[in-house]
Amino acid sequence: MTEPSKLPHRGVPEHQPAAGGIAARARAAAGPQYLSGLNPEQREAVETLDGPVLVLAGAGTGKTRVLTTRIAHILSQGRARPHEILSVTFTNKAAREMKLRLGQMLGQAVEGMPWLGTFHSIGGRILRFHAELVQLKSNFTVLDVDDQVRLLKQLLQAESIDDKRWPARMLAGLIDGWKNRGLTPSQVPSGEAAMFGNGKGGKLYASYQERLKILNAADFGDLLLENIRLFRENPDVLRQYQNRFKFILVDEYQDTNVAQYLWLRLLSQAPSRPGVPLSAIIPGAMDPAVIPGRAAGVNPESGDKEDSARDSGFAPAGAPRNDAGNPVAQPSPPKNICCVGDDDQSIYGWRGAEVDNILRFEHDFPGAKVIRLERNYRSTGHILAAASHLIAHNEGRLGKTLRTEDVDGEKVTVTGSWDSEEEARAIGEEIEELQRAGENLNEVAILVRASFQMREFEDRFVTLGLPYRVIGGPRFYERAEIRDALAYLRVINSPADDLAFERIVNVPKRGLGDATVQLLHDHARKRRMPLFEAARAVVETDELKPKARGSLRDLILQFDRWRAQREVTAHTELAEIVLDESGYTEMWQKDRSADAASRLDNLKELVRSMEEFENLQGFLEHISLVMDRDGGAEDEAVSLMTLHSAKGLEFDNVFLPGWEEGLFPSQRTLDEQGRAGLEEERRLAHVGLTRARRRAKLYFATNRRIHGTWSTTIPSRFLDELPSANVEITESKGGSGWGGAGGYGPSRFDNVESFGSSYATPGWQRAQANRNRGQAGRSGQARGGFEEGQSSFSGSRSDAFSGGGFSRNKRGPLVIEGELVAKSTGTVSEFSLDDRVFHQKFGYGHVVKIDGNKLTIAFEKAGEKKVVDSFVERV
DNA sequence: TTCTAGTTCGTTTTT
DNA sequence: CGAACTAGAA
C-alpha cells in the first residue's frame, strides 16, 4: 500500500483533504486542490489538454473522476468557458452523474454546461436549432420504437408486402442498424437493402424518411444521422460548432457506433478556413482502405457495383472520395478531443457499437496521446486476477494490465447446482448469511446474462421475504400508460401527429376500431391532410356508422376544447384535465389487474415531472430523450439485473449465476457472430467479475429449463479460463428446503473435480465428456413437470405424474406429488372472490377470479398469477 | 368491435 | 412454460 490515502474496498478515493495525510497535502501543494489525490496517470490524463487523447481506463480505475476533473481543470485554467466544452455520454444517468460530480468539484451548480449530455440529446438540441435545414420544424417529435413500427407497418401495407414474412420490427431493426452505421437511404449498399421485402428494403427506408419529414418527426437514429447530414450539407453551420467547441470529451468511447464516430469526427476537426470546401474534411474521417467494415458508409455515391467488394470487407483501395466525387484533401489536424473508454468493456457490439473505434483511435486521430489507467481501486487481488486472466483470452484488445494494491481477499468461488432452482436457493441462502454477518443488502447484486433468469430469483426472494429490486426493465417512458398519456398531449400540441392520434383514438375503447381508422387513413391520404383533420371531415359525412361517428365527433370536440384550454391553463393542470375527461384515468381505475394501481401512480408521476418544464412544448421536446425510470427505492435491497445494465456499477458482493455453455456464452451470439461474439461474451464476463469489490461468486447449474423444456447443460468455458490459483470450488448449499436428500447425481461432483485440474484443456472438449454424463443423470429430469402451479393443469400431465417419473425423484417429498394429483381432479372451489389467501411461493394476495379449482390471485408482491386452490390457504 | 381461445417463439438495450 | 400475438365467434 503505497497510496496512503486509498480506502480499501472503496471506489476511487474521494479526497477530503483532512483524510489525506501528509502525502496528500504535499501533492495538494503541487497543484490545484482538485488535482490532489490523482495518481500520476490520472493526472496526466487530466492535464494533457492539447491534441487528441485516448484514456484507456480499465474497470475501477477512476474513469469518471478523470473526466470530471479534466473539465474542472479546463475551466479553472481558463482554457475554455463552460459553453465551449462538448462532453458526451451514452446514458442520461452518466450525464447526470457527471453534472453532479462536477457541481461538487466546482462548488456550484453546473447550469452553465449546456453541452454536457448524451449523444442523442445534444444531437437533438443542435438539430432543433437548424431543423429547417433538414426539412423539419424545430418542434419536431422524437418517435419511440412503437411509433416507428406502426409507421413502418403502414408503409409495408402500402407496398403490399406480407408483414408476416417481413415483420415491421425487423425493418425497424435494419433501418436502425443503417442509421447506426451512418447510412442514409441512398448510401445503403444495394445488396443489403434488397435483402428485405423482395428487394424493397431500400425503397422502404427512403419512404420512411419521407414520411418522417411529413410527420415532422425524427427517430433516435435521426438525431445523429440528420445531424451529420446537416453538417455535411451546411459547412457554415458545422464551422460554427467547430469554432464553439474548444474541447470535446467522450465517455465510454468503446461503445460509439459509426454515426457517433462520424459526428465526433466532424466536430473535432479544427475549424476550416472559410472557403475551404467541406469535402476537405469529411471523407478523411473514414478511409475505406483501412476500415473495411466502414467502407459502406464512406463512398456513398461510389456505385452499386462495388457492393460485393464492400460486403466482403475488401473495398477498393482507391483514393477516398466525398459525396461530390472530388478527391480528398488532407484533413486538418484534429483538435482537443479526449476519449475515455475500455475496450475490454465493449459489450454493445450487437447494437452497432464499433470496438474498432477505440482500437483505431491512434490511426483516426494522428498524434494522439494514449494514457492507460491500470490501477484498480475497486476489487481485491483474487477478483482482479481472475478477471484479468479471463479477459486475456481475448485477442482483439489493446491490452491493459489491471493491478491493485489491495489485499488478496477471498477467492472467487465457483459453485455447481443441480438445477436453476437450486441455484436460486443456494444464492438466497448465501445472501441471508451475508445479511446475518452484517452486510448491507445494497451491497449485494445478482447479475444475470438474460432477463428470464431473473424470475427464479424473484420467486425465491418473495418466499424468503428478502427485499430485492430489479434494475433495468422497461423504462418509465416506455410504459404503455405513459406513452398513451404522452400521445394525448402530442395530439393537443401538434394536430398533425398522426402516430399519436392513432395510438389513442380508441384508448380507452370508444368503438373506433380498425375499420374506422382505415377509413380515416384513406381520407387523409386522398386529401393529403393529417388524420385529425380527416376525422373532422369524415364526421360531417355519413360514411361512418352512427355510433362510431358520434364518439369520433365527441373526441374531436374534446380535443378542440383542450386546445382552447391550453391557452389559459397551466400545462400540468391541462394534463390532469385531459387524462380525466378522456376517460383514460377511469379506464385504469376500473381495471382489476394487479398493476393498475402502479400505472395510476406512474401517471401522477408523469404529471409531477411536467412541473420541471415551462410549458407543454418544452416538456414534449425533452421527454422522450431525458425521461428516466423512476429513481426511488431507498430501502435496503438486493439488486437484480442483467450484466449489461450492471456496467458502471459496483458492489461488495456480486453473484453471477448461470455460467453454462449456451447461456453464457450465449449460443445465439456464438452462432451469429462467431469468434467476435465469443470475445464480446467474454468481455461481458469480465465486466461481471469486475463489478465486485470483495466477493465474486460464480454458479453453474447442470439442468436448466430453456423455452419450457429441461435440458442438461455444461459449465461455461469461461470457468475453465479462470486461473485456478484465484478460484475456489465450493459445495452448493442449496439442498435444504427439500427435506434432506439434497444430493446431486455423481455427475455434478465429477464436474467439479475435473474443473480444477483441467482448466487448461479446451473447454468444449471437456464439455463433450460432460454431456454424456449429463445424459446419464437425466432420469431426474421429470422434475420439470413437477413444478407447482397452473402448468399442471394444462394437459395430459396426470399421466406423466402417475407414470412414475416421480417416485424416482429423490428431491421432492412425495406428499406434494400425491396432493397435487389428488386435488387436481377436484371441481368445486372452497374459495370465493376477494378471499385473502397465502401462497408458499408468492405470499399474500386476494382472489380475483375463480375457475373450478384454478384461482386467479392478485398477489401483493408477485402480481397476478393463476394458481391451483390447493396451493393457497385462506387467511 | 371486442373478447377469447389458439398459436408461436423465445438474448443482451440507450436513446 | 408463458408472454405476446393472431384468427375466429359473439
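Just so it is clear: chains get the letters A, B, ... in the order the sequence lines come, proteins before strands, and each one is counted from 1.
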Note to self: Once you apply a heavy-atom cut-off of 4.0 Å, does A:Gln673 come out as touching a base, just sugar-phosphate, or nothing?
What the structure shows: nothing
Notebook entry, point to check: With a non-hydrogen cut-off below 4.0 angstrom, is A:Thr642 in contact with a base, only sugar-phosphate, or nothing?
Noted result: sugar-phosphate
Next item on the list: Using a cut-off of strictly less than 4.0 Å, decide whether A:Thr709 has a side-chain nitrogen or oxygen near OP1 or OP2 of C:dC1.
Entry: no
Name the pairs: protein N/O against N/O of nucleotides 6-10 of chain C, kept only if under 3.5 Å.
residue, atom, partner, partner atom, Å
C:dA7, OP1, A:Lys164, NZ, 2.8

Notebook entry, point to check: For the pair made of CG in A:Asp671 and C1' in B:dG10, what is the distance, rounded to whole Å?
Noted result: 14 Å
Note to self: Please enumerate all residues that pass side-chain hydrogen bond (donor to acceptor under 3.5 Å, both in side chains) together with A:Arg668, with sequence neighbours excluded.
What the structure shows: A:Glu672
Item checked: Contacts of A:Trp115 that satisfy ring-ring contact (aromatic ring centres under 6.0 Å, His included) - sequence neighbours left out -> A:Phe245
Item checked: Partner set under ring-ring contact (aromatic ring centres under 6.0 Å, His included) for A:Tyr253, not counting sequence neighbours -> A:Phe361
Note to self: By nearest heavy atom, map A:His120 and A:His707 onto DNA chain B; which one lands nearer the 5' end?
What the structure shows: A:His707
Check: Looking only at heavy atoms, what is the nearest atom pair of A:Leu390 and A:Arg682, with distance?
Finding: O-CD, 3.3 Å
Next item on the list: Starting at the 5' end of nucleotides 1-8 of chain B, put B wherever the base has a protein heavy atom under 4.0 Å, S where only the sugar-phosphate does, and a dash everywhere else.
Entry: SSS-----
Check: Atom CZ of A:Arg683 to atom C1' of B:dT12: distance rounded to whole Å?
Finding: 13 Å
Note to self: Categorize A:Glu478 for me: base, sugar-phosphate, or nothing, with a 4.0 angstrom heavy-atom threshold over every strand shown.
What the structure shows: base
Check: Can A:Trp350 be classed as stacking with the base of B:dT12, given a centroid separation cut-off of 5.5 Å and a plane angle cut-off of 30°?
Finding: yes
Note to self: Could you work out, with ring-ring contact (aromatic ring centres under 6.0 Å, His included) as the rule, every residue matching A:Phe140, not counting sequence neighbours?
What the structure shows: none
Note to self: Could you tell me how far apart A:Trp710 (CH2) and C:dG2 (P) are, to the nearest whole angstrom?
What the structure shows: 12 Å
Checklist line | Selection from B:dT15, B:dT12, C:dG2 that lies nearest to any side-chain heavy atom of A:Arg455 | finding: C:dG2
Notebook entry, point to check: With sequence neighbours excluded, what pairs up with A:Phe664 under the ring-ring contact (aromatic ring centres under 6.0 Å, His included) test?
Noted result: A:Trp659, A:Phe718
Margin query: Strictly by side chain to side chain donor-acceptor pair (under 3.5 Å), give each pair with a member in residues 508-519 of chain A just once, sequence neighbours left out.
Written below: A:Tyr488-A:Arg510
Checklist line | Closest heavy-atom pair and its distance - A:His686, A:Asp344 | finding: ND1-O, 3.5 Å
Note to self: Run the side-chain hydrogen bond (donor to acceptor under 3.5 Å, both in side chains) test against A:Glu458 and tell me which residues pass, sequence neighbours left out.
What the structure shows: A:Tyr468
Next item on the list: Write down the distance separating the C1' atoms in B:dT12 and C:dC5, rounded off to the nearest Å.
Entry: 23 Å
Checklist line | Nearest-Å distance for atom pair CD/P, residues A:Glu679 and B:dT12 | finding: 22 Å
Item checked: Length of the line joining A:Arg483:CZ and B:dT15:P, which is rounded to integer Å -> 14 Å
